[in-house]
Amino acid sequence: GAVVSQHPSRVICKSGTSVKIECRSLDFQATTMFWYRQFPKKSLMLMATSNEGSKATYEQGVEKDKFLINHASLTLSTLTVTSAHPEDSSFYICSARDGDSWRNTQYFGPGTRLTVL
Amino acid sequence: AQSVAQPEDQVNVAEGNPLTVKCTYSVSGNPYLFWYVQYPNRGLQFLLKYITGDNLVKGSYGFEAEFNKSQTSFHLKKPSALVSDSALYFCAVRDVNTGGFKTIFGAGTRLFVKA
């Protein structure tokens with residue numbers, strides 16, 4: 001099946017710093033990628049939809065200036081958490097769809113555990 | 001609006017016994033349904049999906065799911081559980097009639113398989 005990778009898998013940073021998380025589709029091109037946040041023992045919360053070559057679409061309540069998303073190529077999307085605070089600590093998961101049709105399957109990366117001290 | 005309900009936070013089953021993880025959905029149009037599994041500190045792995053056709057869908061690792069339109073359900077099943085099946089399972093739905101763009105996830109059901 002299609003593979004999505006994320007880097008880093010785990011990051012610890014100080015409050016006020018920025019952290020960049022990369023999401024790559026390894027064996028397919030993804031015009032659309034999704035960024036989710038998962039709290040402990042909770043479901044996935046969609047943060048934003050990232051389209052290659054255009055601005056990301058953010059879900060209601062997600063600060064676009066805090067969570068910067070760039071989808072510069074068909075295989076790479078990045079999420080930058082700017083001026084991170086302890087409440088941003090979470091498990092961030094990206095997902096990529098293997099085509100433009102609604103029939104296409106979403107494949108998920110392994111996730112990035114962010115801890116802000 | 002579309003939604004997914006997984007009524008059980010946790011399911012316990014003995015190894016070798018059949019397992020069922022329940023899921024019901026609500027969409028305004030035709031549903032496009034998925035099951036994913038998540039192991040600790042890992043992303044979600046795709047198990048199976050239903051678009052149309054046979055109501056019984058077979059997926060990875062011996063899992064299958066049955067689509068029931070009248071009950072708006074899409075329960076995940078496996079005839080004989082393994083200890084290694086212990087994980088967190090998510091049901092998800094897309095509404096085809098709204099373009100199927102956004103996938104909504106259920107809250108998840110934790111499956112414990114006891115040896």
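All chains are named by letter (A, B, ...) in the order of the sequence lines, taking the proteins before the strands, and each is independently numbered beginning at 1.
Using a 4.5 Å cut-off between heavy atoms, A:Q6 does not touch chain B at all. Proximity to chain A (any heavy atom under 4.5 Å) is shown, for B:Q45, by neither the backbone nor the side chain. Proximity to chain A is absent for every atom of B:Y39, based on heavy atoms less than 4.5 angstrom apart. At a 4.5 Å heavy-atom cutoff, the contact between B:F105 and chain A is made by backbone and side-chain atoms alike.
Annotation: cation-pi geometry not satisfied between B:K49 and B:F34 (NZ/CZ under 6.0 angstrom from ring centroid, within 45° of ring axis).
With B:Q71 contributing its side chain and B:T24 its backbone, the two residues share no donor-acceptor pair below 3.5 Å. Side chain of B:K114 to backbone of B:N12: no donor-acceptor contact under 3.5 angstrom is found.
Here the options are A:F91, A:F108, A:F67, A:Y92, the test is ring pair (Phe, Tyr, Trp, His ring centres under 6.0 Å), and the partner is A:Y36; only A:F108 passes.
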